[in-house]
Amino acid sequence: MKIIIASSEEIAKSASRQYVELLKEKPNAVLGFATGSTPLPLYAELVSLCKEGKLSFKDVTTFNLDEYVGLEPTHDQSYRYFMNTNLFDLVDVDKSRTHVPSGIDTSDEALAQYDKDIALAGGLDMQLLGIGCNGHIGFNEPGTPLESLTHVVELTQNTREVNSRLFNDIGEVPTHAATMGIKTVMNARKIILIATGASKAQAMFDTIKGPVSSACPASVLQLHPDVTVYMDKDAAALL
Ligand code: GLP
């Protein structure tokens, strides 16, 4: 694991350079994206670089980590809507090659097809991750088997409470989500994990210093050969 401790602005700049390097080498790379507040400064930086002509997404294929079950893609809290408004609509990506798990068709076939589509596209070249306060990656909550592929999970009360800040009240937060599995994430050739804020400090300690255990799903990243972890001072406070 390569560990970088920096300010949120420096993290955005430094992580964006990984995209510039990858896309220079492989313009048709397969990129795994994440939602949440954490990647927003990075997405803003990628948008700027694209506007300045220093980065182009025109030949990439993208797969997002997860989606709330029951939310239409047009719902303003759906992760498809988040990606469109924070990245896809602002860069030169071909939207027909952007994928977000369906929150509407969560049949076994549709879930299995997501992993098949990733494989058909050539596999993920680089997967971006945030982290939940309980160590979840995507929506793989503690206890998720490390061998899991794309599946539906029941969200923990804690995750629903944390994410309720974006909804009118907790009753509106979906109870389930479709998410890439831990194995799907681990199959990516390169992984970037970004964690900012004191609420992530314990999860980052468990991820980096704890045992590899499904109790902290992100700890499995210790076994991946090419992970860059970016943290601000607050997220790194317990290390
Ligand atoms: C959600 C997402 C995760 C994300 C996490 C942290 O639960 N499913 O992919 O990493 O929240 O979000 P934030 O970056 O807003 O703290």
Side-chain angles (χ1 to χ4, degrees), residues 31-40 43 61-90 93 95-121 124 127-188 194 199-200 203 214 216-218:
L31 303 176
F33 281 124
T35 53
S37 319
T38 307
L40 286 173
Y43 290 162
T61 300
T62 76
F63 289 90
N64 258 78
L65 282 169
D66 46 13
E67 180 60 283
Y68 286 117
V69 170
L71 298 194
E72 296 283 349
T74 49
H75 189 290
D76 66 3
Q77 289 309 326
S78 76
Y79 285 167
R80 161 54 79 178
Y81 186 91
F82 175 102
M83 288 310 298
N84 286 349
T85 52
N86 290 299
L87 188 66
F88 298 152
D89 287 342
L90 310 176
V93 72
K95 286 269 272 299
S96 69
R97 285 207 303 270
T98 65
H99 304 80
V100 179
S102 173
I104 303 300
D105 179 1
T106 54
S107 61
D108 289 347
E109 293 72 29
L111 295 165
Q113 191 62 46
Y114 202 68
D115 280 287
K116 281 188 200 148
D117 288 344
I118 293 172
L120 279 171
L124 294 161
Q127 176 64 52
L128 176 65
L129 298 174
I131 187 167
C133 300
N134 60 5
H136 73 230
I137 46 175
F139 265 131
N140 292 286
E141 298 281 31
T144 305
L146 301 181
E147 286 299 297
S148 55
L149 296 172
T150 303
H151 62 296
V152 167
V153 288
E154 183 171 6
L155 301 177
T156 62
Q157 182 64 12
N158 171 263
T159 296
R160 293 184 67 235
E161 276 164 17
V162 172
N163 290 3
S164 68
R165 69 189 190 281
L166 303 166
F167 292 80
N168 292 321
D169 72 85
I170 191 161
E172 287 183 13
V173 184
T175 55
H176 291 75
T179 181
M180 277 187 199
I182 293 177
K183 189 170 181 189
T184 317
V185 171
M186 287 293 280
N187 281 341
I194 304 179
S199 67
K200 305 293 171 67
S214 64
C216 174

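Nothing here was measured: the structure is a model prediction, and the numbers come from that model.
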Quick one: are I118 and L124 in side-chain contact, heavy atoms under 4.5 Å? yes

For Q77 and L166, which heavy atoms make the closest approach, and how far apart are they? NE2-O, 2.9 Å

Checking T38 now: which residues fulfil side chain to side chain contact (heavy atoms under 4.5 Å, CB included) with it, not counting sequence neighbours? I194, T196, K200

Hits for ring-ring contact (aromatic ring centres under 6.0 Å, His included) against Y43, two or more places apart or cross-chain, chain-then-number order -> F33

Nearest heavy-atom pair of H99 and T61: which atoms, and what distance? CE1-CG2, 3.7 Å

Within the 4.5 Å heavy-atom criterion, are N163 and F139 side-chain neighbours or not? yes

Beyond-backbone contact of M180 with Y114, side-chain heavy atoms, under 4.5 angstrom: yes

Value for CZ (F167) from CZ (R160), rounded to nearest 0.5 Å, stands at 9.0 Å

To the nearest 0.5 Å, what is the distance between CD (Q113) and OG (S102)? 12.5 Å

Sorted by chain and number, sequence neighbours left out, ring-ring contact (aromatic ring centres under 6.0 Å, His included) with H151 holds for none

Any pair counted as side chain to side chain donor-acceptor pair (under 3.5 Å), so long as it reaches residues 166-177, sequence neighbours left out: N168-E172

Shortest non-hydrogen pair, T106 vs A178, comes out as CG2-CB, 4.5 Å

Partners passing ring-ring contact (aromatic ring centres under 6.0 Å, His included) against F82 (at least two apart in sequence or in another chain): none

Within the structure provided, determine whether V100 and P73 are in side-chain contact (heavy-atom separation under 4.5 Å). no

Does any part of the side chain of D89, heavy atoms only, come nearer than 4.5 Å to the side chain of K95, both counted from C-beta? yes

Only pairs at least two apart or in different chains count here, so list each salt bridge (charged side-chain N to carboxylate O under 4.0 Å, His left out) that has a residue in residues 61-86. none

Could you grab the distance from atom OG1 of T179 to atom CG of N64, nearest 0.5 Å is fine? 10.5 Å

side-chain contact (heavy atoms from CB on, under 4.5 Å) between E141 and T159, intermediate numbers included: CA-CA 9 Å; E141 298 281 31; T159 296; 2.8 Å; yes

Under 3.5 Å, side chain of S148 to main-chain N/O of I182, donor-acceptor pair present? yes

Just wondering, do E161 and V173 contact through their side chains at under 4.5 Å, heavy atoms? no

P174 versus L155, closest heavy-atom pair with distance: O-CD1, 3.4 Å

In Å, rounded to the nearest 0.5 Å, how long is the span from CD of Q127 to CE of M186? 12.0 Å

Supply the atom-to-atom distance L111 CG to D105 CG, rounded to the nearest 0.5 angstrom. 7.5 Å

Answer whether the closest heavy-atom distance between the side chains of F63 and T184 falls below 4.5 Å. no

So which atom in C216 and which in A203 form the shortest heavy-atom distance, rounded to 0.1 Å? SG-O, 4.1 Å

Report the C-alpha separation of D115 and K183 in whole Å, then their side-chain angles, then the decisive distance to 0.1 Å, and conclude whether the side-chain contact (heavy atoms from CB on, under 4.5 Å) test is met. CA-CA 10 Å; D115 280 287; K183 189 170 181 189; over 6 Å; no

Can you find a pair of side-chain heavy atoms, one from L65 and one from I137, that are under 4.5 Å apart? no

When rounded to the nearest 0.5 angstrom, what is the spacing between CZ in F88 and CZ in R97? 12.0 Å

Where is the tightest heavy-atom contact between N134 and P217, given as atom of each residue plus distance? O-CD, 4.2 Å

